[in-house]
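Worksheet for the structure shown next.
Since this is a predicted model, take the numbers as computed values, not measurements.
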Amino acid sequence: MRLLLPPMGLIAAALAISPVLKPQDEEQANIIKDLAKTNKLDFWYPDATHHVAANMTVDFRVGENESQAIQSALDQNKIILIHDLQEEVDKQHSYAKYNTWDKTEKMVHKRPEMVSHIKIGTTAEDNPLYVLKIGKKDERRKAIFMDCGIHAREWISPAFCQWSVYQATKTYGKNKIMTKLLDRMNFYVLPVFNVDGYIWSWTQILKNRSKNQDSQCIGTDLNRNFDVSWNYTYRGPAPESERETKAATDFIRCHLKSIEAYITFHSYSQMLLFPFGYMSELPPNHEDLVKVAKIGTNVLSTRYETHYIYGTIASTIYPTSGSSLDWAYILGIKHTFAFELREKGKFGFLLAESRIKSTCKETMLAVKFIAKYILKHTS
């Protein structure tokens with residue numbers, strides 16, 4: 001058996017190897033699953049071992065201490081590994097480019113007439129959680145809620161939220177579309193959902209930092225903690241058990257009358273997803289969601305010819321449960337979307353800083369389209 005592994009990046013200095021592979025049959029898939037049982041593998045895609053299947057691209061990272069054992073096991077099965085990519089980590093990233101979690105607070109002082117911040121709660125480690133409101137004071141106007149950074153190591157996600165707030169305020173009065181949008185609707189932006197995890201991710205983590213009863217493991221996957229088909233790995237002790245999840249859901253419920261769309265930003269894979277993830281059944285407005293996603297991805301591609309695919313979570317990636325996207329839809333927000341931003345696996349979560357700006361620019365085109373659609377087609 002032989003699999004060719006293209007290059008891929010890492011996310012933290014302590015990591016040694018990060019293979020990408022595509023099992024050609026169930027035998028190869030089972031080898032990967034067996035390795036996961038006996039070694040500490042951190043799956044990047046899919047996010048859990050039991051999702052691994054034939055003909056699926058599989059990305060995972062391995063700690064330095066386990067790398068030799070994994071290398072040996074893969075060699076025995078004629079699975080080819082790439083070289084150590086630590087040099088790529090050091091070359092591509094600096095703290096100055098992927099900004100600190102509280103960067104957006106400074107924008108409030110620059111444009112107080114356009115941006116205000118609302119404290120919605122605190123995190124497991126008592127860091128404040130802020131939603132930024134962009135637009136006018138009228139609470140009755142249509143609104144879009146956006147969040148970024150629910151998964152700590154997906155750095156391009158909070159980078160986009162920070163960039164989008166800055167661009168919205170900078171181009172208001174200059175850009176025709178942005179001016180029209182902000183004159184007629186509000187945006188609520190949670191720029192870093194998983195603040196504790198984001199701070200810790202400069203070392204190496206995905207989840208938040210809460211302590212789990214009867215477990216030595218720290219952290220809950222916040223995007224499995226929402227009260228919709230709640231039964232997944234790292235889900236937490238109960239639906240909305242985490243401070244971060246509860247703060248966000250309470251805020252959305254409080255503003256539900258005005259929120260017409262919910263958009264969450266993740267990485268990586270270049271996808272635009274919509275409900276459902278926890279079942280194969282299609283939502284009642286499936287055709288409408290497909291239409292928005294199709295045009296949105298086409299609009300996105302006009303800037304740099306970046307190709308996105310689109311579809312339901314369950315059919316496009318794999319079944320999930322407890323996600324914010326499905327929860328928002330079931331709550332009554334009928335236009336809910338999740339962006340999986342650049343790129344497709346060459347560097348995984350380690351998107352080069354040189355690509356942040358282009359990623360943000362093309363994504364903003366799609367977000368503007370969705371916002372215009374909401375203005376025109378919702379009551």
Side-chain angles (χ1 to χ4, degrees), residues 114 132-136 141-148 156-191 258-275 283-313 316 324-325 328-329 333-343 355-379:
M114 290 293 300
L132 299 181
K133 178 187 174 185
I134 301 94
K136 303 296 176 65
R141 299 195 306 171
K142 293 179 182 179
I144 292 177
F145 186 94
M146 296 168 29
D147 66 53
C148 293
I156 186 58
S157 169
F160 171 73
C161 267
Q162 293 172 348
W163 185 90
S164 64
V165 172
Y166 172 75
Q167 285 297 312
T169 57
K170 180 182 177 182
T171 60
Y172 177 76
K174 301 174 183 177
N175 178 275
K176 184 178 179 180
I177 296 175
M178 184 59 71
T179 303
K180 179 181 179 180
L181 291 174
L182 294 181
D183 278 342
R184 298 179 61 184
M185 68 191 312
N186 292 325
F187 288 81
Y188 295 112
V189 182
L190 179 53
S258 64
I259 295 176
E260 298 287 351
Y262 169 82
I263 310 175
T264 182
F265 297 87
H266 295 252
S267 73
Y268 55 95
S269 288
Q270 295 176 195
M271 299 175 179
L272 183 52
L273 306 172
F274 45 83
N285 65 333
H286 175 72
E287 290 185 6
D288 190 34
L289 295 174
V290 169
K291 177 182 177 181
V292 175
K294 180 180 180 179
I295 300 175
T297 54
N298 286 340
V299 168
L300 183 150
S301 69
T302 60
R303 194 61 178 259
Y304 302 106
E305 298 184 355
T306 306
H307 178 66
Y308 272 56
I309 62 174
Y310 58 87
T312 67
I313 303 172
T316 309
S324 65
L325 192 70
Y329 187 89
I333 305 172
K334 297 309 179 186
H335 291 89
T336 64
F337 298 96
F339 281 86
E340 293 282 351
L341 301 175
R342 291 190 191 180
E343 38 83 69
R355 299 187 181 184
I356 294 175
K357 192 172 182 179
S358 57
T359 301
C360 291
K361 283 185 174 182
E362 68 188 10
T363 307
M364 195 64 163
L365 292 177
V367 171
K368 283 182 178 180
F369 164 74
I370 294 172
K372 287 191 297 180
Y373 188 89
I374 295 301
L375 273 179
K376 185 176 181 180
H377 295 280
T378 59
S379 56

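Using a 4.5 Å cut-off on side-chain heavy atoms (C-beta onward), H266 and L341 make no contact. Counting heavy atoms from C-beta outward, V367 and S164 have side chains that stay 4.5 Å or more apart. Side-chain atoms of P283 and L289, non-hydrogen and from C-beta on, do get closer than 4.5 Å to each other. Two residues are said to be in side-chain contact when any heavy atoms from C-beta on lie closer than 4.5 Å; K368 and L181 meet this criterion. In this structure, the side chains of L300 and L365 stay at 4.5 Å or more apart for every pair of heavy atoms. Between I144 and I259 the shortest side-chain heavy-atom distance does not fall below 4.5 Å. No side-chain heavy atom of N186 sits under 4.5 Å from any side-chain heavy atom of I134. The side-chain heavy atoms of F145 and V189, taken from C-beta on, include no pair separated by under 4.5 Å.
Around the NZ atom of K142, the shell of radius 6.0 Å holds more than 12 heavy atoms that belong to other residues, nucleotides or ligands.
S324 and Y262 form a side-chain donor-acceptor contact under 3.5 Å, judged by distance and modelled atom types alone. Using modelled atom types, one finds a donor on one side chain and an acceptor on the other under 3.5 Å when comparing Y329 with N285.
Closest non-hydrogen pair, P275 versus T336, comes out as CG-OG1, 3.1 Å. Contact between Y304 and K361 at its shortest, heavy atoms only, is OH-CD, 3.4 Å. Annotation for S267 and E340: closest pair C-OE1, 3.2 Å, computed over non-hydrogen atoms. Y310 and A293 make their closest contact through CB-CB, 3.8 Å (heavy atoms, listed as atom of the first residue, atom of the second, distance). In plain terms, the two heavy atoms of I177 and N175 that are nearest each other are N-OD1, 3.1 Å. Between M364 and W163, the shortest heavy-atom distance links the atoms CB-CZ3, 3.8 Å.
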Derivation and outcome, side chain to side chain contact (heavy atoms under 4.5 Å, CB included), residues M185 and K180: CA-CA 9 Å; M185 68 191 312; K180 179 181 179 180; over 6 Å; no
Stepwise side chain to side chain contact (heavy atoms under 4.5 Å, CB included) test for D288 and H335: CA-CA 9 Å; D288 190 34; H335 291 89; 2.7 Å; yes
Verdict with supporting geometry, I156 and I356, side chain to side chain contact (heavy atoms under 4.5 Å, CB included): CA-CA 7 Å; I156 186 58; I356 294 175; 4.0 Å; yes
Test log, rule side chain to side chain contact (heavy atoms under 4.5 Å, CB included), inputs D147 and Y188: CA-CA 8 Å; D147 66 53; Y188 295 112; over 6 Å; no
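Atoms OH and CD, on Y373 and E260 in that order, are 12.5 Å from each other to the nearest 0.5 Å. To the nearest 0.5 Å, the span separating CE on M114 from NZ on K170 amounts to 15.0 Å.
With respect to D183 and K136, a salt bridge is recorded, a charged nitrogen being found less than 4.0 Å from a carboxylate O. Ionic pairing of E362 and R342 is present here: one or more N-O contacts between side-chain nitrogen and carboxylate oxygen are shorter than 4.0 angstrom.
In this structure, the ring of F265 has its center less than 6.0 angstrom from the ring center of F339. Two rings, from F274 and H286, have their centers less than 6.0 Å apart.
Side-chain atoms of N298 come within 3.5 Å of backbone N or O of K294 as a donor-acceptor pair. A donor-acceptor contact shorter than 3.5 Å links the side chain of T169 to the backbone of Y166. Remark: side-chain polar atoms of Q270 are not paired, donor with acceptor, to backbone N or O of E343 under 3.5 angstrom. Looking at T316, its side chain never comes within 3.5 Å of a backbone N or O of I313 through a donor-acceptor pair.
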